[in-house]
Amino acid sequence: MLGRLPRLKDTQSLFSLGTLDIAPNEDTVAFTDKIAHATSGSFQISTDGFKAYQDAVVMSLGAQKVHFAQLIKIYHSNPMDETRYSPAECTGARKEAIWGNPDMDKVGTSRIERHNLSVRMETRRFTRLTNAFSKKWEKHQAALALLSGLL
């Protein structure tokens with residue numbers, strides 16, 4: 001999980017390395033706790049439709065009067081065109097207000113998605129099916145820390 005925030009108290013970027021379990025897990029809560037520690041005041045946060053963010057953001061940031069919404073993409077896969085690594089086609093998206101009073105016109109994930117693409121393109125350790133992909137957790141974490149300037 002990688003986050004870029006427009007106004008931080010003491011860091012330039014945040015990252016947390018963890019699993020993407022469906023339930024709100026320790027890794028997701030640890031990431032949102034880092035956001036809570038690095039920010040102050042009221043602000044709006046948008047995430048993708050990852051279900052674990054719903055509880056984690058409210059638990060970590062709800063007291064800060066955060067306004068939280070999710071952009072949930074709708075995918076459709078055609079079994080006729082499907083190959084082993086072919087992604088499903090995005091056929092639409094819907095916005096859902098989760099907590100507070102978010103400005104629905106500002107809900108989006110394009111900035112962080114673009115940032116994540118840049119990270120994957122600049123650092124091949126984050127791209128599956130390449131010979132540079134980090135298989136060891138420690139190497140993956142070190143590469144992420146170097147990239148974020150936190151090591």
| task | Please list, chain by chain and in numerical order, all residues satisfying side-chain contact (heavy atoms from CB on, under 4.5 Å) with Gln64, sequence neighbours excluded. | result |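 Listed in chain order: Ala36, Thr39, Phe43, Leu61.
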| query | Taking only residues two or more places apart in sequence, or in another chain, which ones meet Lys95 in a side-chain contact (heavy atoms from CB on, under 4.5 Å)? | reply | Leu71, Met104, Val107
Tell me if a side-chain donor or acceptor on [X] pairs with a main-chain N or O of [Y] at a distance below 3.5 Å.
{"X": "Ser42", "Y": "Val66", "result": "no"}
{"X": "His67", "Y": "Asn101", "result": "yes"}
{"X": "Thr32", "Y": "Ala56", "result": "yes"}
{"X": "Gln70", "Y": "Phe50", "result": "yes"}

| message | Taking the side chain as everything from C-beta on, heavy atoms only, tell me whether Tyr53 gets closer than 4.5 Å to Ile98. | response |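 SC-SC contact between Tyr53 and Ile98 ruled out.
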| query | Are the side chains of Val57 and Thr28 in touch, meaning some heavy atoms are under 4.5 Å apart? | reply |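 Counting from C-beta outward, Val57 and Thr28 never come under 4.5 Å.
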| query | Taking atom types as modelled, is there a side-chain donor on Asp48 or Thr109 under 3.5 Å from an acceptor on the other? | reply | no
| field | Interatomic distance, Trp99 atom CH2 to Lys65 atom NZ [nearest 0.5 angstrom] | value |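 Between Trp99 CH2 and Lys65 NZ, I get 9.5 Å after rounding to 0.5 Å.
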| said: With rounding to the nearest 0.5 angstrom, report the SG to CD1 distance, Cys90 to Ile74. | reply: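 It is 7.5 Å, given to the nearest 0.5 Å.
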| Salt bridge or not for Glu89 and Lys73, using N-O below 4.0 Å? |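 No, no charged N to carboxylate O under 4.0 Å.
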| said: Under 4.0 Å between a side-chain nitrogen and a carboxylate oxygen: does that hold for Glu96 and Arg94? | reply: yes
| message | Can you give me the closest heavy-atom contact between Pro102 and Phe68, atom names plus distance? | response | CG-O, 3.7 Å
| query | Who are the side chain to side chain donor-acceptor pair (under 3.5 Å) partners of Asp103, not counting sequence neighbours? | reply |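 Asp103: no side chain to side chain donor-acceptor pair (under 3.5 Å) contacts found.
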